[in-house]
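A short write-up of the structure that comes next.
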Amino acid sequence: MRNMNIEKSTPAKGLGERQLVDSDAEGELFPVVDEEGEVLGSMTRAEAHCGTKRLHPVVHLHVLNSRGELYLQHRAAWKEVQPGKWDTATGGHIDLGETVWEALAREVYEEIGLKPGSYEPRMLRKYVYESSIERELVYVFATTYDGELSPSDTETEGGRFWSKAEIRGGIGREVFTPMFEKEIVSLEGVMW
């Protein structure tokens, strides 16, 4: 099997038209990976989120502006996982056959409208996150961006920049997804 490619590269797939997703495709295929990112097999989205705890990869991009504020998306009410909560600017699954960089480019374009080359992502870390329904190998990136963002009006209910104080004040109050809270606390001093 192959390892999830985290070497920086130009996305091989053309992004084409921006896809505005309004539901999760249960038959969508994700790679099953080990903690190093080695692809071991595949599973459907439904299998990934039903408590099997088979490890599958995702990408996150944190977007900061030059004032040090962090952009968060407000998750759509239809989302299967953590609907209506505030979360990372961009986060999504890596599809079977996709590299980390291809998935990052696709998800960023779908969720906040930025095309590759308009922002410079830097990888911060990789870790395993486990909830009651799933286990994910999370590839975390950050970028600084002061331009206009165009949040998906189907995957999100908008978004906005938050100050560090606002984020700290919301932690533990059911404002953010548990995954975002764990991740942002672990990035204190790394990203900000």
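In summary, R54 and E134 do not engage in a salt bridge, as defined by a charged side-chain N under 4.0 Å from a carboxylate O. The existence of a salt bridge linking R106 and D95 is confirmed by a sub-4.0 Å separation between a basic side-chain nitrogen and an acidic carboxylate oxygen.
With sequence neighbours excluded, no residue forms a ring-ring contact (aromatic ring centres under 6.0 Å, His included) with Y145. The ring-ring contact (aromatic ring centres under 6.0 Å, His included) search around H62 returns none, not counting sequence neighbours. For F161, the ring-ring contact (aromatic ring centres under 6.0 Å, His included) partners two or more places apart in sequence, or in a different chain, are Y71. The ring-ring contact (aromatic ring centres under 6.0 Å, His included) check on F180 picks up F176, with sequence neighbours excluded. In this structure, R122 has no salt bridge (Lys or Arg N to Asp or Glu O under 4.0 Å) partners at least two apart in sequence or on a different chain. For E148, the salt bridge (Lys or Arg N to Asp or Glu O under 4.0 Å) criterion is met by no residue, not counting sequence neighbours.
Side-chain contact annotation: Y127 with E183, donor-acceptor N/O pair under 3.5 Å present. No donor-acceptor contact under 3.5 angstrom links the side chains of T52 and R135, judged on distance only.
In this structure, the side chain of E107 does not engage the main chain of L104 through any donor-acceptor pair within 3.5 Å. Side-chain atoms of K53 come within 3.5 Å of backbone N or O of S131 as a donor-acceptor pair.
With contacts defined as side-chain heavy-atom distances shorter than 4.5 Å, the pair D87/T156 does not qualify. Contact annotation: the side chain of Y119 never approaches that of F141 to less than 4.5 Å [non-hydrogen atoms, C-beta and beyond].
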